[in-house]
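Taking it in order: structure first as structure tokens, then the write-up.
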Amino acid sequence: MSWKNTAERWGPISQLLHWAIVLLLVAIATIGLVMGDMPNTPRKIEVYALHKSLGLTLLALTVLRLGWRLYAGAPPPVPGTPHWQRHAARLSHAALYFMLLAMPLTGWLFNSAAGYPLQWFGLFNLPALAGRDEALRATALALHNNGFWLLLALALAHTGAAFHHHVFLQDATLSRMLPRRRTRGGGAR
């Protein structure tokens with residue numbers, strides 16, 4: 001078995017990084033949507049800290065995923081994919097990667113400009129990206145909050161396109177990002 005991507009499918013490392021990022025995004029988004037309405041208690045501070053730690057993890061996994069993609073390449077679109085869809089896929093993937101980097105960075109910048117300490121799961125502190133600055137804090141917060149809705153729209157479009165390929169076009173676009181199923185004889189399908 002090849003760990004790298006092949007011309008036919010994404011390899012297991014790319015798949016693992018993809019699905020780990022999907023799960024992280026769901027968790028971070030859910031926490032982000034509910035934490036602002038929580039009463040000001042120590043529990044709220046814990047939830048904010050979890051949101052930040054998961055965001056930093058997302059940033060690290062996105063950098064790792066980009067590095068792996070540069071090293072391992074990417075399978076070309078399935079045969080018969082129209083040029084405009086190839087172009088749209090390239091643009092949407094670039095936008096997704098940009099937002100996967102921008103969201104944690106704008107959160108980190110907001111945290112820094114607000115003067116809050118930033119820890120990763122309580123294990124170590126990260127440096128501030130900027131000094132305390134109310135105008136920068138407001139800008140970073142606006143970018144972070146609005147960026148969430150842009151990232152959500154991109155992720156939904158990406159998901160919708162994958163399902164369109166799977167259900168209506170019945171091609172391998174989605175299935176090649178899924179782990180191979182094992183057959184009774186132990187081989188992969």
Side-chain angles (χ1 to χ4, degrees), residues 1-34 50-108 143-189:
M1 167 179 68
S2 173
W3 292 97
K4 290 177 72 172
N5 305 322
T6 67
E8 293 79 39
R9 60 184 293 107
W10 296 94
I13 293 176
S14 293
Q15 291 176 21
L16 176 65
L17 290 169
H18 176 273
W19 295 110
I21 287 171
V22 168
L23 291 174
L24 265 176
L25 278 176
V26 170
I28 293 166
T30 302
I31 293 167
L33 288 171
V34 300
L50 177 62
H51 179 78
K52 294 172 189 181
S53 292
L54 292 175
L56 291 169
T57 304
L58 174 68
L59 178 61
L61 287 179
T62 301
V63 169
L64 183 61
R65 184 168 179 204
L66 278 167
W68 180 256
R69 184 169 175 158
L70 289 172
Y71 169 73
V78 295
T81 303
H83 177 73
W84 71 268
Q85 284 184 7
R86 290 172 184 252
H87 186 64
R90 275 193 300 276
L91 287 176
S92 65
H93 281 108
L96 277 167
Y97 279 119
F98 177 81
M99 292 308 298
L100 288 170
L101 294 169
M103 287 304 296
L105 289 172
T106 57
W108 190 348
L143 288 170
H144 191 69
N145 288 341
N146 293 322
F148 165 75
W149 297 109
L150 177 57
L151 178 56
L152 178 63
L154 288 167
L156 289 174
H158 178 74
T159 303
F163 279 109
H164 175 78
H165 276 270
H166 189 71
V167 173
F168 297 105
L169 302 179
Q170 298 182 347
D171 66 26
T173 299
L174 174 61
S175 62
R176 63 191 192 160
M177 183 50 89
L178 299 172
R180 292 182 195 239
R181 292 184 298 198
R182 299 283 171 192
T183 61
R184 276 193 247 171
R189 280 203 290 184

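Just so it is clear, the structure is predicted and the values come from calculations on it, not from any experiment. Computed over heavy atoms, backbone and side chain alike; hydrogens, waters and symmetry mates excluded.
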Inset, instruction - Determine whether Pro77 and Gln85 make a side-chain contact, defined as any pair of heavy atoms from C-beta on separated by less than 4.5 Å. - result: no
Legend entry - Worked check of side-chain contact (heavy atoms from CB on, under 4.5 Å) between Leu61 and Arg65: CA-CA 6 Å; Leu61 287 179; Arg65 184 168 179 204; 6.0 Å; no
Legend entry - From Ser175 atom OG to Glu8 atom CD, the distance as rounded to the nearest 0.5 Å: 12.0 Å
Inset, instruction - Search all heavy atoms of Ala7 against all heavy atoms of Pro76 and return the closest pair with its distance. - result: O-CD, 3.4 Å
Inset, instruction - Please check if the side chain of Asn5 supplies one atom and the backbone of Gly73 the other of a donor-acceptor pair under 3.5 Å. - result: yes
Inset, instruction - Taking all heavy atoms of Trp3 and all of Trp68, pick out the closest pair and write down the distance. - result: O-CZ2, 3.4 Å
Legend entry - Donor-acceptor contact present, side-chain Trp19 to main-chain Met177, <3.5 Å: yes
Inset, instruction - Specify whether His83 and His87 have parallel, tilted or perpendicular ring planes, treating 30° as the upper limit for parallel and 60° as the lower limit for perpendicular. - result: parallel
Legend entry - Gap between atom CG of Leu66 and atom OH of Tyr97 - 0.5 Å precision: 5.5 Å
Inset, instruction - Output the distance between atom CG (Leu152) and atom CG (Leu156), rounded to the nearest 0.5 Å. - result: 4.5 Å
Legend entry - Heavy-atom side-chain proximity of Trp108 to Leu105 below 4.5 angstrom: yes
Legend entry - Spacing of Leu24 atom CG and Thr57 atom OG1 [to the nearest 0.5 Å]: 6.0 Å
Inset, instruction - May I ask you to check whether over 12 heavy atoms, not counting those of Phe98, lie within 6.0 Å of atom CZ? - result: no
Inset, instruction - Taking the side chain as every heavy atom from C-beta outward, state whether Leu25 and Leu100 have any pair of such atoms under 4.5 Å apart. - result: yes
Legend entry - Pairwise distance CD1(Ile21) to CG(Leu16) - rounded to 0.5 angstrom: 9.5 Å
Inset, instruction - State which residues pass side chain to side chain contact (heavy atoms under 4.5 Å, CB included) with Asp171; sequence neighbours excluded, sorted by chain then number. - result: Val78, His165, Leu169, Thr173
Inset, instruction - Kindly give the heavy-atom pair with the smallest separation between His144 and His51, and that separation in Å. - result: NE2-NE2, 4.1 Å
Inset, instruction - Any chance you could measure Arg69, atom CZ, to Ile13, atom CD1, to the nearest 0.5 Å? - result: 15.0 Å
Legend entry - Non-hydrogen atoms of Leu54 and Ala27 that approach each other most closely: CD1-CB, 4.3 Å
Legend entry - Geometric class of the His18/His158 ring pair [parallel <30°, tilted 30-60°, perpendicular >60°]: tilted
Inset, instruction - Give the minimum heavy-atom separation between Pro104 and Gly55, together with the two atoms involved. - result: CB-O, 3.4 Å
Inset, instruction - Find out whether Leu101 and Val63 are in side-chain contact, i.e. whether some heavy atom of one side chain is under 4.5 Å from a heavy atom of the other. - result: yes
